[in-house]
Amino acid sequence: MAALRGSLSCPLHQRSSLFPQSSLFLSGGEQSRLNLLPLKQRKLVSGKARRSRVTGTMIVDRPVASALVEKENPVKFKVRAAITIKRKKKQSMKEKMETQLDAFGDRIGQSIVLELVGTEIDPRTKRAKTSKEAILKDWFNKKDLKTAKVVYSAEFMVDSSFGEPGAITVLNRHNKEFFLESIVVEGFSCGPVHFTCDSWVQSIKDQPKKRIFFTNKPYLPSETPPGLKELRERDLKEIRGDGKGERKLTDRVYDFDVYNDLGNPDKGSEYVRPVLGGDEKPYPRRCRTGRQPSNTDSRIESRIEYPVPTYVPRDEAFEETKQETLAEGALKAMLHNFMPSIVASIDPSANDLKCFHEFDNLFKEGIKLKKGIEDNLLKKIPLMNKIQDSTEALLRYDTPHIITKDKFAWLRDDEFARQTLAGINPVNIERLQEFPPVSKLDPAVYGPPESAIKEAHIVGQLDGMTVKQAIEENRLFILDFHDIYLPFLDRINAMDGRKAYATRTIFFLTSLGTLKPIAIELSLPLMTSRAKRVLTPPSDATSNWLWQLAKAHVSANDAGVHQLVNHWLRTHACIEPFIISAHRQLSIMHPIFKLLKPHMRYNMEINAIARQFLINAGGVIESSFTPGPVSLDISSAFYEEHWRFDQEGLPADLIRRFAIFCY
């Protein structure tokens, strides 16, 4: 009987040896009335043919006897589903109580309801074929299981004309959300049907509509089975939202907005920041939250400070393990950033580092304070107890790997050059194409575009070659931060405690295959003889420290460009609108979406947290990097002038920087 039910769940031509699977087989509709018997035979059987309906006909190259099959009534049969739900490892007391209440509610009818949706249209209802609704079983019986994943079951009643399932709907009548990992349906002759869900299913209190999940089988829009077309459009419509109102944390709506939440004018004029995005300051779009405007400026969105979560679509939020890892790392990063100012507010004498030995102590001993001051600090920041190394070393910084091997490596020229290729920012060095280098900024505003570096500055470092020969043999490289920083130097240098130059650094590729710096240009936006200064490798103690300071300015600029441009802008901010667009325009069934999905994970949540305490006014970036409050203006200017989609990948980026060449 089971075999009979299984065979009846598929179309006639799949279960009968009389009807080979061929595009020549036609059934239903007008084709079911075709009769290709010879004329004489057709007359003989015409009476019988009228009394019994033909459900299928085989079309072959020559006339053959038609197979007449009596119409069968659909047979009802059951299919079974295994539903895997992931539970939280840690629950608050409130969550534990809600879990128990849901378990008891499930027992009295407030259960989880599922329904299978077929790929075919029911000719009677003109809608997709559906199964009978099924209830998720054993929720109450498995409420006390301690495993991370729990497998539940459900049974669906379908008939033999159902065909192949293409989707499943889930209605959560509990009071709390749950994380649905996967569903596997067995019992169809086509084999197990898999649904990879990996999504939060909200309670009907928050989302009254049924959640739709499609099978793992991909479909282009033009190939979508008739029974799934309406569901495909409905799911996309729900994801797009209507662009109105404030988003709730339980929503899964993807929509666009500008960066108007970085400043906090309600806190004071020093926390005012421009809106990024639009004609005035172009920038990628972020996810819309719909929060109310600030009291001071209606263009600026009111802020939510970390660790209070800001809106991202529910499935973009970190899973529990990732959340714990980030929380610990974020706390430590915030304390590393704000500790100096906090310590200074308690002990003004500890504000500045007076010698290199005190730098070393940050890695060896951390920040050491007198006992009374330490107790006062712990009262201000109770969370410090979680990461406190000892009572004597309140906060220790991680030692850079290179320093663990060589304490003075950072002073050497070869290490300075190595960092341009093997450091945190290896994507700015370019092969030198013209000498001297020329700026692309407006000379009427920023002075002569030519670099102050002359052949006389570097010819003695080229192993007997001329500059022209070195360029032709691909031996000269440049790290050019001149045009990125120069327009903003007046604003940066007007701030207390900050000093910056626009820098150009020339490197020579030695016969050993290593780079060495041979000239550094420091520029200011002044049209005077001292606006540009060139330094070369030292020949005495005085010039040695000037050279070290010049390298320090290059490193500071390099760190700023890495964080503001290459990391934040090009890696995070520019990707977010693509993630939003992919969800709004591509169904989860789309093969391209299936390829993109693993690469989009967590980006939106990371960006949302970054807006809360990394790139915001007074955040970690502004406090730690030279540009300070000008940081995002530099990022926006680079986006406007330099960012191009077709130049972001490999090998296009290497070609643009002339880093691909043949000897």
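Here, residue 1 is the first one in the sequence, and each next residue gets the next number. Heavy-atom basis, side chains included; hydrogens, waters and symmetry copies ignored.
Taking each heavy atom of Cys287 and Pro313 in turn, the nearest pair found is SG-CD, 3.9 Å. Minimum interatomic distance between Ile304 and Pro309 (heavy atoms only, all atoms of both residues): CG2-O, 4.1 Å. Residues Met495 and Pro629 approach most closely at SD-CD, 3.3 Å, considering heavy atoms. When all heavy atoms of Lys149 and Thr147 are compared, the pair lying nearest together is O-OG1, 3.0 Å. The two residues Cys574 and Pro284 make their nearest non-hydrogen contact at SG-CG, 3.8 Å. Nearest heavy-atom pair, Asn493 versus Ala500, reported as atom, atom and distance to 0.1 Å: OD1-N, 2.7 Å.
Classified by interplanar angle (parallel below 30°, tilted 30° to 60°, perpendicular above 60°), the ring pair His583/Tyr254 is parallel. Using cut-offs of 30° and 60° on the angle between ring planes, the pair His553 and Tyr501 is perpendicular.
Salt bridge absent: Arg285 and Glu576 never bring a charged side-chain N and a carboxylate O closer than 4.0 Å. Ion pairing between a basic and an acidic side chain is recognised when a charged N comes within 4.0 Å of a carboxylate O; Lys244 and Asp242 show no such pairing. With respect to Glu319 and Arg601, a salt bridge is recorded, a charged nitrogen being found less than 4.0 Å from a carboxylate O. The pair Asp235-Arg252 meets the salt-bridge criterion, with a side-chain N (NZ, NE, NH1 or NH2) lying under 4.0 Å from an Asp/Glu carboxylate O. Glu177 and Arg314 are joined by a salt bridge, as a carboxylate oxygen and a charged side-chain nitrogen come within less than 4.0 angstrom of each other. For the pair Asp653 and Arg657, the salt-bridge criterion is met [side-chain N within less than 4.0 Å of a carboxylate O]. Under the 4.0 Å criterion applied to side-chain N and carboxylate O atoms, Glu320 and Lys90 are not assigned as salt-bridge partners.
Heavy atoms from other residues, nucleotides or ligands lying under 6.0 Å from NZ of Lys499 number more than 12. Annotation: Lys217, atom NZ; neighbour count of heavy atoms from other residues, nucleotides and ligands within 6.0 Å does not exceed 12.
Side-chain atoms of Ser555 come within 3.5 Å of backbone N or O of Lys551 as a donor-acceptor pair. The closest donor-acceptor contact from the side chain of Thr119 to the backbone of Gly227 lies at 3.5 Å or more, if one exists at all. In this structure, the side chain of His590 engages the main chain of Ile592 through a donor-acceptor pair within 3.5 Å. The main-chain N or O of Arg288 is never found under 3.5 Å from a side-chain atom of Asp255 such that the two would form a donor-acceptor pair. A donor-acceptor contact shorter than 3.5 Å links the side chain of Asp480 to the backbone of His482. Checked by atom type and distance alone, the side chain of Glu316 never pairs as donor or acceptor with a backbone atom of Tyr311 at under 3.5 Å. Remark: the backbone N or O of Glu641 is not paired with any side-chain donor or acceptor of Arg644 at under 3.5 angstrom. For the pair Arg498 (side chain) and Phe625 (backbone), a donor-acceptor distance under 3.5 Å is present. Of the possible polar contacts, none joining the Ser182 side chain to the Cys197 backbone as a donor-acceptor pair under 3.5 Å is found. A donor-acceptor contact shorter than 3.5 Å is absent between the side chain of Ser623 and the backbone of Val620.
Under the side chain to side chain donor-acceptor pair (under 3.5 Å) test applied with Thr310, the options Arg291, Arg611, Glu605, Glu305 reduce to a single match, Arg291.
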Query - Trace of the side chain to side chain donor-acceptor pair (under 3.5 Å) decision for Arg211 with Ser199 - result: CA-CA 10 Å; Arg211 274 299 306 276; Ser199 180; 3.0 Å; yes
Requested in this report: Please test Asp558 against Asn428 for side chain to side chain donor-acceptor pair (under 3.5 Å), starting from the C-alpha separation and ending with a verdict.
Outcome: CA-CA 9 Å; Asp558 185 67; Asn428 276 100; over 6 Å; no
Report task. Determine, stepwise, if the pair Leu114 / Ile183 fulfils side chain to side chain contact (heavy atoms under 4.5 Å, CB included). Result -> CA-CA 11 Å; Leu114 303 96; Ile183 300 174; 4.1 Å; yes
Requested in this report: Go through Asp198 and Phe179 one step at a time and tell me if the side chain to side chain contact (heavy atoms under 4.5 Å, CB included) criterion holds.
Outcome: CA-CA 7 Å; Asp198 289 331; Phe179 188 83; 4.1 Å; yes
Query - side chain to side chain contact (heavy atoms under 4.5 Å, CB included) between Arg431 and Asn474, intermediate numbers included - result: CA-CA 7 Å; Arg431 184 156 53 93; Asn474 303 319; 2.6 Å; yes
Query raised in the report: Hey, mind stepping through Ser451 and Glu521 against side chain to side chain donor-acceptor pair (under 3.5 Å) and telling me if it holds?
Result: CA-CA 8 Å; Ser451 169; Glu521 179 186 35; 3.0 Å; yes
**Report entry** Residue pair Phe638, Val565: steps toward the side chain to side chain contact (heavy atoms under 4.5 Å, CB included) verdict
**Finding:** CA-CA 7 Å; Phe638 183 92; Val565 174; 3.3 Å; yes
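Side-chain contact between Pro265 and Lys267: absent, with no pair of heavy atoms (C-beta onward) separated by less than 4.5 Å. A 4.5 Å side-chain heavy-atom check between Leu441 and Val445 finds every atom pair outside the cut-off. The shortest distance between side-chain heavy atoms of Leu522 and Thr503 falls below 4.5 Å. The side-chain heavy atoms of Val184 and Phe195, taken from C-beta on, include no pair separated by under 4.5 Å. Counting only heavy atoms from C-beta outward, the side chains of Phe645 and Phe578 approach each other to under 4.5 Å.
To the nearest 0.5 Å, atoms OG (Ser203) and CZ (Phe178) are separated by 10.0 Å. The OG1 atom of Thr626 sits 9.0 Å away from the CD1 atom of Ile634 when rounded to the nearest 0.5 Å. Distance NE2/His567 to CG/Leu564: 11.0 Å, rounded to 0.5 Å. The CG atom of Leu236 lies 10.5 Å from the CD1 atom of Ile588; values are rounded to the nearest 0.5 Å. Between atom CG of residue Leu479 and atom CZ of residue Phe507 there is a gap of 5.5 Å, rounded to the nearest 0.5 Å. If you take OG on Ser636 and CG on Leu276, they are separated by 5.5 Å, rounding to the nearest 0.5 Å.
One side chain, His572 or Asn607, offers a donor N or O that lies under 3.5 Å from an acceptor on the other. Donor-acceptor pairing under 3.5 Å is lacking for the side chains of Glu246 and Thr289. In this model, no donor atom of one side chain and acceptor atom of the other lie less than 3.5 Å apart for Glu622 and Ser631. With hydrogens and angles left out, the side-chain atoms of Asn260 and Arg286 include a donor and acceptor closer than 3.5 Å. Using modelled atom types, one finds no donor on one side chain facing an acceptor on the other under 3.5 Å when comparing Asn425 with Gln419. Counted by atom type alone, Arg232 and Thr224 present one or more donor-acceptor pairs between their side chains at under 3.5 Å.
Residue pairs meeting the ring-ring contact (aromatic ring centres under 6.0 Å, His included) criterion with at least one member in residues 206-228, sequence neighbours excluded, do not occur.
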With a cut-off of 3.5 Å and sequence neighbours excluded, list every side-chain donor-acceptor pair involving residues 484-492.
from	atom 1	to	atom 2	distance (Å)
Tyr485	OH	Asn557	O	3.0
Arg491	NH2	Asp633	OD2	3.3

